[in-house]
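Data first, discussion second: the structure below is written as structure tokens.
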Protein chains: 2
Amino acid sequence: MVDDGMRRDEDESDFLAAYDPHAFAPVAVTVDVVAMTIRAGEPLLLLVRRGARPQRGRWALPGGFVRAEDGPAGPADPDLPDAALRVLAEKTALPTTLHLEQLGTYGARDRDPRMRVFSVAYMLLAPDLPDPEQGRDIAEAAWVPWRALGHGGPAEYEPAFDHARVIADAVERARAKLEYTSLATAFLPPLFTITDLREVYEAVWDRPLHAANFHRKILAAPGFVEDTGDLAERGGPGGGRRPRLYRAGGTTALHPPLLRSAHDTRGDSDDRR
Amino acid sequence: MVDDGMRRDEDESDFLAAYDPHAFAPVAVTVDVVAMTIRAGEPLLLLVRRGARPQRGRWALPGGFVRAEDGPAGPADPDLPDAALRVLAEKTALPTTLHLEQLGTYGARDRDPRMRVFSVAYMLLAPDLPDPEQGRDIAEAAWVPWRALGHGGPAEYEPAFDHARVIADAVERARAKLEYTSLATAFLPPLFTITDLREVYEAVWDRPLHAANFHRKILAAPGFVEDTGDLAERGGPGGGRRPRLYRAGGTTALHPPLLRSAHDTRGDSDDRR
DNA sequence: ACCAGTTCTTCTCATCATGAGTTTTTCTCG
DNA sequence: CGAGAAAAACTCATGATGAGAAGAACTGGT
């Protein structure tokens with residue numbers, strides 16, 4: 001099967017053309033995970049402080065090499081999502097319910113000084129995650145507020161490599177998908193109230209919503225939430241009616257969508273990665 | 001810099017940990033392109049008949065290895081979009097205007113019998129593309145109607161590998177993005193009429209639209225299209241008012257979106273790739 | 001027991017978007 | 001010049017939306 005190497009320059013026109021693996025320049029494939037959660041109305045994402053060169057000491061997304069084959073480091077990752085969960089599990093405890101979704105792959109030639117590296121980024125949403133375990137191979141890991149990153153936040157958190165770009169893409173993806181999918185429930189435990197759900201939207205969109213209209217629209221979207229018939233233990237700390245408890249419905253696509261009204265859909269970049 | 005190979009199993013926690021490239025199992029990165037166009041109201045995509053084993057003779061997406069480094073086959077691809085355009089250019093002439101967007105990356109262990117292959121899929125939209133050049137390294141290339149693929153079409157076109165899945169993802173992505181972005185203009189030449197635009201929507205969504213309401217909604221979405229002030233040469237073949245010519249506006253996000261009304265948003269799969 | 005304050009839920013209403021159909025304008029062809 | 005065709009504008013009933021008000025159910029303090 002391994003026959004002619006790279007003799008004809010057209011012969012690599014598809015990925016099963018014959019070749020000798022070691023005739024190719026070495027490339028690496030990694031996964032980076034943008035793990036997002038919401039705690040007390042504040043959207044957070046997980047960053048680790050790099051313990052290895054280069055960029056040692058800078059904050060970065062948790063990530064690691066995809067294990068292509070079984071080896072001394074452990075068994076191969078059967079698929080990319082498995083690799084994403086594995087590298088995240090090395091940094092923090094995984095929640096029982098989570099939403100994992102591929103964001104995109106970044107492979108510019110100058111991303112890494114040493115070799116050609118392709119990074120597959122994943123977005124992971126989960127209800128209030130525990131604090132990361134310290135130690136292990138990483139110097140430090142922390143849940144960082146979204147707003148501390150990006151535009152003019154403390155330079156302390158300026159992420160390594162092109163991770164600022166990846167994070168910006170993830171945030172924009174999450175914001176957009178709240179409009180037309182039931183993604184918001186991924187930030188919540190199995191049982192939640194309409195107010196809990198609204199607070200997710202307010203946190204991610206960073207804007208207050210009209211509670212009464214939100215309530216109406218959620219119940220109008222078929223399959224978004226399902227009434228359990230039960231009520232929560234208590235209302236607010238200072239009294240208040242006990243809210244109904246809902247669970248996520250079967251639908252992922254919302255009809256009609258919950259649009260963030262008109263203005264600013266900023267950051268809608270052209271999609272060439 | 002190259003120091004300790006894979007001694008500690010935590011040490012590959014991020015992609016710049018020290019390593020010896022050849023200590024890793026060889027992996028390959030390819031790009032596959034779902035090139036879409038519309039001809040006479042019929043949505044088409046480009047398939048090539050495989051000239052190499054395995055699956056020789058089956059139809060597949062045009063694709064090829066990403067060139068990680070400069071080599072005998074040619075210069076390295078600076079970034080993934082460059083690789084996508086290069087492999088497509090090997091099969092057909094590239095249009096002057098196009099929309100290129102990353103779809104996702106597929107990396108299941110059993111995708112390829114020979115080695116671990118990660119395929120980055122791209123979606124390319126362009127106005128009526130020319131017929132592919134025959135010959136070169138591919139046995140055959142053809143523009144195939146979407147409807148000939150997928151569910152119960154002629155088995156002749158059953159695509160190789162997991163390309164049916166990639167194509168299905170691309171079609172669903174295109175259908176969805178027509179709702180809330182100005183993507184449809186990518187199928188059209190620089191100057192077009194509202195009717196041209198409506199025919200794109202009808203072709204992609206495979207359903208007739210109410211012409212008058214469509215017209216109203218397009219003009220109501222700020223920044224979608226821009227009036228040139230000019231009129232087209234003639235109306236229909238059998239007479240008719242000369243339509244206004246528009247060009248694409250600056251906006252990519254549509255407010256309000258053009259929803260395909262209520263029912264069927266079928267094929268909304270969970271996003272784990 | 002009652003009341004004030006709080007929270008969830010439902011209701012009203014003016015406004016805007018939508019689907020369906022009709023009419024007007026402008027063109028070609030015979 | 002008139003019939004037919006296509007684009008564009010209009011009408012109207014219905015449904016969704018934003019803003020606010022009102023009702024219901026609860027807590028804690030008097």
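One atom, CZ of A/F224, and another, C1' of D/dA16, lie 17 Å apart when rounded to the nearest Å. At whole-Å resolution of the value, CD in B/E233 and P in C/dC27 are 12 Å apart. When rounded to the nearest whole Å, the span between CZ of B/R244 and C1' of D/dA9 equals 12 Å. The interatomic distance linking A/L245 (CG) with D/dC26 (P) rounds to 13 Å, in whole Å. Computed from coordinates, the B/H255 NE2 to C/dA17 P distance equals 13 Å when rounded to whole Å. Look at OH on A/Y246: it is 12 Å from P on C/dC8, rounded to the nearest Å. As rounded to whole Å, 11 Å separates atom P of D/dT17 from atom CD1 of A/I218.
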With salt bridge (charged side-chain N to carboxylate O under 4.0 Å, His left out) as the test, would you mind laying out the steps for B/D169 and B/R165 before giving the verdict?
CA-CA 6 Å; B/D169 287 353; B/R165 167 89 191 284; 3.8 Å; yes
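In this structure a side-chain-to-backbone donor-acceptor pair under 3.5 Å is missing from B/R247 to B/D227. A distance-only check finds a donor-acceptor pair linking the side chain of B/H163 to the backbone of B/L61 [under 3.5 Å]. Remark: side-chain polar atoms of A/T105 are not paired, donor with acceptor, to backbone N or O of B/V120 under 3.5 angstrom. In this structure, B/T181 contributes its side chain and B/L178 its backbone to no donor-acceptor pair below 3.5 Å.
Checked against side chain to side chain donor-acceptor pair (under 3.5 Å), A/Y201 has no partners two or more places apart in sequence or in another chain.
Inspection of the B/D230 and B/Y246 side chains reveals no N or O donor paired with an N or O acceptor under 3.5 Å.
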Encode nucleotides 18-26 of chain C as B, S and - characters from 5' to 3', where the letter depends on protein heavy atoms closer than 4.0 Å: B to the base, S only to sugar-phosphate, - to neither.
BBBB---BB
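Atom CZ of B/R216 sits about 8.0 Å away from atom NE2 of B/H210, to the nearest 0.5 Å.
The stretch residues 193-204 of chain B does not touch DNA chain C, since none of its heavy atoms comes less than 4.0 Å from the strand.
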